[in-house]
Amino acid sequence: MIVKTLKKGNVNEILSLYALDFADGWNKNMLDSAFDGGRFLCLGAYQNDVLVGVITLSLSIDDADIEGIVTKKEFRNKGVASLLFDSAQKILKEKGIQKILLEVRETNIPAINFYKKKGFNQISIRRRYYPDGENALIFIKEN
């Protein structure tokens, strides 16, 4: 498995992965805008030239927000998310990013456990954050 930095030319490929199982994910306009803005990092994990996982992050001067980590169902629990996160964290350190933040649905227990395993700590709750009214848990990790 290899990790590549994805560019605007990969938008359709990224969207096809998000469409499989991430209703709150990106749409084409959002992704195009993120890539055009220049403060965006998107990495993809490839198995035999097939995109099987993506991590997207928005960057500021000294922190980053994980927008999402998505893997194809058949590749879950096989280290893809860890590979993507670890690769992103290395790039963020090189850029001087000191904090990584994220929101996660309070019912997304697999993601919450993953983030805790990666050293994230919950710092807040955003009540009724998602369109369906579900709360978001806010996590942070010092990089």
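Throughout, numbering of the chain's residues begins at 1 and tracks the sequence.
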Would the distance check show the side chain of Asn108 and the main-chain N or O of Ala111 forming a donor-acceptor pair, the cut-off being under 3.5 Å?
yes
Quick check: closest heavy atoms across Leu51 and Gly44, and the distance to 0.1 Å?
CD1-CA, 3.6 Å
Arg126 side-chain N/O to Ile138 backbone N/O, donor-acceptor pair under 3.5 Å
no
Joint hydrophobic cluster, Val52 plus Phe114, side-chain heavy atoms closer than 4.5 Å:
yes
Given side chain to side chain donor-acceptor pair (under 3.5 Å), test Ser60 with Asp63 step by step and report yes or no.
CA-CA 5 Å; Ser60 66; Asp63 65 31; 2.4 Å; yes
For the atom pair CE (Met1) and CG (Leu84), what is the distance rounded to the nearest 0.5 Å?
8.5 Å
Given Ile14 and Phe35, is the side-chain contact (heavy atoms from CB on, under 4.5 Å) satisfied, shown in steps?
CA-CA 12 Å; Ile14 296 163; Phe35 278 113; 4.0 Å; yes
Looking only at heavy atoms, which two atoms of Ala81 and Thr71 are closest? And how far apart?
N-CG2, 4.1 Å
For Tyr46, is the NZ or CZ atom of Lys4 found under 6.0 angstrom from the centre of its six-membered ring and inside 45 degrees of the ring axis?
yes
Any donor and acceptor pair, going by atom type alone, linking the side chain of Ser33 with main-chain N or O of Met30 inside 3.5 Å?
no
Quick one: sort the Tyr115 and Phe139 rings into parallel, tilted or perpendicular, breaks at 30° and 60°.
tilted
Working to the nearest 0.5 Å, report the span between OG of Ser87 and CD1 of Ile55.
8.5 Å
Using a cut-off of 6.0 Å, state whether more than 12 heavy atoms not belonging to Asn77 lie near its atom CG.
no
Quick check for you: to the nearest 0.5 Å, what is the distance between Lys90 atom NZ and Leu43 atom CG?
11.5 Å
Transitive ILVMFWY side-chain link Ile91 to Leu83, under 4.5 Å:
yes
Measuring from atom CG of Leu101 to atom NZ of Lys99, what distance do you get when rounded to the nearest 0.5 angstrom?
7.5 Å
What about Leu59 and Ile140, same hydrophobic cluster or not, with Ile/Leu/Val/Met/Phe/Trp/Tyr joined at side-chain heavy-atom distances under 4.5 Å?
no
Would a 4.5 Å heavy-atom cut-off, applied to side chains only, mark Tyr129 and Glu134 as touching?
no
To the nearest 0.5 angstrom, please state how far the CZ atom of Arg105 sits from the CG atom of Asn135.
10.0 Å
Find out if a path of hydrophobic residues (ILVMFWY) with successive side-chain heavy-atom gaps under 4.5 Å connects Leu102 to Ile109.
yes
Within the 4.5 Å heavy-atom criterion, are Leu31 and Tyr18 side-chain neighbours or not?
no
Hey, what do you get for CG (Leu92) to NZ (Lys141), rounding to the nearest 0.5 Å?
11.0 Å
Using only atom types and a distance under 3.5 Å, with no angle test, would you say the side chain of Asp65 pairs donor to acceptor with the backbone of Glu67?
no
